[in-house]
Amino acid sequence: MNSEAIPHANTEFSLEEIDDELLLYHPAKTKAVYLNETAALVWQLCDSKRSVAEIVSLLQENYPESETIQSDVEQTLQQLADNGAVDLESGQ
């Protein structure tokens, strides 16, 4: 994954908490995507301004004990993109 790509959250999805689970829900498509806490945080950081590298860096600062943040973020973004919840714009 291009670390300079800029992920854009699809604003047609909304983050919902249902029975202690986090779901991205698209009402028009009646589509729901289950998210764990980390995936929900990654989705929320997709503000159309931060690059993949910046999201990884923010999470590494806040969770220095984790050694798999980069691969976790990339996997999460790919899964969100596959479900239409984010678009990945190539970086400059």
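These numbers come from a predicted model, not from an experiment.
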Subject >> Side chain to side chain, Ile6 and Leu88, heavy atoms closer than 4.5 Å >> reply: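 Not in contact.
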Subject >> Side chain proximity check, Pro64 to Gln60, heavy atoms < 4.5 angstrom >> reply: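 SC-SC contact between Pro64 and Gln60 ruled out.
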What's the spacing between [X] [atom1] and [Y] [atom2] if we round to 0.5 Å?
X: Ile55; Y: Leu41; atom1: CD1; atom2: CG; answer: 9.0 Å
X: Gln70; Y: Ser3; atom1: CD; atom2: OG; answer: 7.0 Å
X: Leu35; Y: Leu80; atom1: CG; atom2: CG; answer: 6.0 Å
X: Lys31; Y: Leu23; atom1: NZ; atom2: CG; answer: 13.0 Å

Original post:
Do side-chain atoms of Asn2 reach the backbone of Glu4 as a donor and acceptor pair under 3.5 angstrom?
Top reply: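 Judged by distance alone, yes, a pair lies under 3.5 Å.
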Original post:
Hey, is the main chain of Tyr63 close enough, under 3.5 Å, to the side chain of Ser66 for a donor-acceptor pair?
Top reply: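 Here the side-chain-to-backbone pair does not exist.
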Ignoring hydrogens, what is the shortest heavy-atom contact between [X] and [Y]? Give both atom names and the distance.
X: Cys46; Y: Val86; value: SG-CG1, 4.0 Å
X: Leu59; Y: Ile69; value: O-CD1, 3.4 Å
X: Phe13; Y: Trp43; value: O-CH2, 3.7 Å
X: Leu24; Y: Ala85; value: CD1-CB, 3.7 Å
X: His8; Y: Ser48; value: ND1-OG, 2.6 Å
X: Leu22; Y: Glu37; value: CD1-CA, 4.1 Å

Original post:
Of all residues at least two apart in sequence or in a different chain, which pass the side-chain contact (heavy atoms from CB on, under 4.5 Å) check with Ala32?
Top reply: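 Here the qualifying residues are Tyr25.
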Original post:
Going by the salt bridge (Lys or Arg N to Asp or Glu O under 4.0 Å) test, which pairs reach into residues 70-85, not counting sequence neighbours?
Top reply: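 For residues 70-85, and leaving out neighbouring residues, there are no salt bridge (Lys or Arg N to Asp or Glu O under 4.0 Å) pairs at all.
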Subject >> salt bridge (Lys or Arg N to Asp or Glu O under 4.0 Å) contacts touching residues 41-57 (sequence neighbours left out) >> reply: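 Listed once each, the pairs are Asp47-Arg50.
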Original post:
Where do Thr76 and Gln78 land on the side-chain hydrogen bond (donor to acceptor under 3.5 Å, both in side chains) test, with the steps shown first?
Top reply: CA-CA 5 Å; Thr76 298; Gln78 189 59 57; over 6 Å; no
Original post:
Same cluster for Leu77 and Tyr34 if Ile/Leu/Val/Met/Phe/Trp/Tyr side chains link at under 4.5 Å?
Top reply: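 No, because Leu77 and Tyr34 fall into different hydrophobic clusters, even though each may have its own neighbours under 4.5 Å.
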